[in-house]
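A quick note: this is a predicted structure, and the numbers were derived from the prediction, not measured.
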Amino acid sequence: MGGVTNRVALVTGAGSPNGIGFATARLLRDAGARVAITSTTDRIHERCDELGGTGGGVFASPADLADADAAANLHARIEKALGPIEILVNNAGMVQIGRDEPSAPLHEVTDEKWRYGIDISLTSAFLMTRAVLPSMMQCEYGRIVHISSVTGPVAGIPGSTVYGTAKAGMLGMARSLAIEVGSKNVTVNCVGPGWIHTESSGEGEITAGKFTPVGRSGTPEEVGHVAVFLASEEASYVTGQFIVVDGGNTIQEYKVAL
């Protein structure tokens, strides 16, 4: 059982102490991977210290992954510090610290808000995936995991059209890319979280989690465990898939107690 031992893994969007990105990075680290983490702010260095610090073999750096040069530069620095990236978890997106992006109906979405919403989730995933693919294909090993959402691929929320579009786009990217690189032993999959209790969860989202079949919101670790499996050697025959982690919420028609 090789798991992820000694594999070099990059997790994006890992700045929040109780978010999906950092939970996934911590689980990968605990499972024996050499981990690189990034976010848009310097708080990523605090997460690095919590994982054991640079002296413990962890790489951390802030980066704007919606910028092609920044993504390429981050990739080069990680390769120099840890070696070729073998696992990529594209978690960046949804919210960015210091920036409030209220929901809005599509006809009120400005060009700037559209570009921003697509860039932080979909463009960032595209740029990092493009950066790591050549070495993965050359080495004939790679695991790419997009942290998408049930919003977009499975369900919709009024006012979240941009977000849903970006997250659905991640699934489309994963499925096409899985076909392109499958023969090179590179797998590409999506995880679709539902109501997960994180730092950015609003009261309405927490309440919605109580009406899932499980009766609660999920934890970042519950999403992270699925991501780590998809990142493992054992998941070698799983590719182009969308794994929903939502406590059964999207399989039920009634969302209230009967």
Do M170 and L122 come within less than 4.5 Å of each other through their side chains, counting heavy atoms only?
-> yes
Any chain of hydrophobic side-chain contacts (each under 4.5 Å) joining M173 to I243?
-> no
Is there a chain of hydrophobic side chains (I, L, V, M, F, W, Y, each step under 4.5 Å between heavy atoms) that links V4 to V145?
-> yes
Evaluate the salt bridge (charged side-chain N to carboxylate O under 4.0 Å, His left out) criterion for residues E233 and R7: first the C-alpha distance (whole Å), next the side-chain angles of each, then the deciding distance (0.1 Å), finally the verdict.
-> CA-CA 10 Å; E233 294 181 18; R7 297 292 185 184; 3.1 Å; yes
Salt bridge (charged side-chain N to carboxylate O under 4.0 Å, His left out) involving E140 - partner list, sequence neighbours excluded | none
Step by step, would you call T161 with V109 a side-chain contact (heavy atoms from CB on, under 4.5 Å)?
-> CA-CA 9 Å; T161 305; V109 173; over 6 Å; no
Inspect the surroundings of CD in E203 and state if more than 12 heavy atoms from other residues, nucleotides or ligands are less than 6.0 Å away.
-> no
Return the minimal non-hydrogen interatomic distance between T24 and A227, and the atom names on each side.
-> CG2-CB, 4.0 Å
Rounding to 0.5 Å, atoms CG (L51) and CG (D30) come to a distance of 8.5 Å
Given the rule that I, L, V, M, F, W and Y join up when any side-chain heavy atoms are under 4.5 Å apart, are V228 and V244 in one cluster?
-> no
Find the distance between OG (S135) and CD (E79) and round it off to the nearest 0.5 Å.
-> 5.0 Å
Strictly by modelled atom types, are T129 and N90 linked by a side-chain donor-acceptor pair under 3.5 Å?
-> yes
Min side-chain heavy-atom separation P153-S148 under 4.5 Å | yes
Could you give me the CA-CA distance, side-chain angles and deciding distance for R115 and D111, then say whether side-chain contact (heavy atoms from CB on, under 4.5 Å) is met?
-> CA-CA 6 Å; R115 294 190 191 98; D111 293 349; 3.5 Å; yes
What's the verdict on side-chain contact (heavy atoms from CB on, under 4.5 Å) for K167 and S121, showing C-alpha distance, side-chain angles and the deciding distance?
-> CA-CA 7 Å; K167 291 302 186 179; S121 292; 3.9 Å; yes
So do the side chains of P62 and R43 get within less than 4.5 Å of each other, counting heavy atoms only?
-> no
Looking at I206 and S201, what are the two nearest heavy atoms and their distance?
-> CG1-CB, 4.1 Å
Residues passing the salt bridge (charged side-chain N to carboxylate O under 4.0 Å, His left out) test with E46, sequence neighbours excluded, are none
Indicate if I85 and V89 have the same hydrophobic cluster label, given that clusters are the connected sets of ILVMFWY residues with side-chain heavy-atom separations under 4.5 angstrom.
-> no
Taking all non-hydrogen atoms of both residues, which atom of V8 and which atom of P84 are closest, and how far apart?
-> CB-O, 3.3 Å
Min side-chain heavy-atom separation I144-V186 under 4.5 Å = yes
Is it true that a side-chain atom of E108 and a backbone atom of P105 form a donor plus acceptor pair closer than 3.5 Å?
-> no
Answer whether the closest heavy-atom distance between the side chains of V150 and W195 falls below 4.5 Å.
-> no
Just wondering, do V162 and K113 contact through their side chains at under 4.5 Å, heavy atoms?
-> no
Between OG of S61 and CG of D42, what distance do you get to the nearest 0.5 Å?
-> 8.5 Å
Say you draw a straight line from CZ of R130 to OG1 of T123; how long is it, rounded to the nearest 0.5 Å?
-> 10.5 Å
Flag the pair R26 and E221 as a salt bridge only when some basic side-chain nitrogen lies within less than 4.0 angstrom of an acidic carboxylate oxygen.
-> yes
Checking side-chain contact (heavy atoms from CB on, under 4.5 Å) for the pair R143/S236: CA distance, chi angles, key distance, verdict?
-> CA-CA 9 Å; R143 300 285 184 268; S236 55; 3.5 Å; yes
Non-hydrogen side-chain atoms of L171 and H146 separated by less than 4.5 Å | no
Closest non-hydrogen contact found for G21 with V11 is O-CG1, 3.3 Å
Measure from the side-chain N and O atoms of E222 to the backbone N and O of I196, and report whether any donor-acceptor pair falls under 3.5 Å.
-> no
Quick one: does T12's side chain have a donor or acceptor within less than 3.5 Å of a partner on N91's backbone?
-> yes
Approximate separation, where rounding is to 0.5 Å, of R175 CZ and T239 OG1 | 11.0 Å
Taking every heavy atom of K255 against every heavy atom of N249, the minimum-distance pair comes out as CE-O, 3.2 Å
Gap between atom OG of S39 and atom CG of D64 - 0.5 Å precision | 11.0 Å
May I ask you to decide if P193's main-chain N or O and D246's side chain share a donor-acceptor pair within less than 3.5 Å?
-> no
Can you find a heavy atom in the side chain of L74 that is under 4.5 Å from one in the side chain of F59?
-> yes
Should M136 and V35 be regarded as members of a common hydrophobic cluster, given that ILVMFWY residues are connected when their side-chain heavy atoms come within less than 4.5 Å of each other, either directly or indirectly?
-> no
Residues V154 and F242: closest non-hydrogen pair is CG2-CE2, 3.5 Å
Using the test salt bridge (charged side-chain N to carboxylate O under 4.0 Å, His left out), find all partners of E50 that sit at least two apart in sequence or belong to another chain.
-> R47
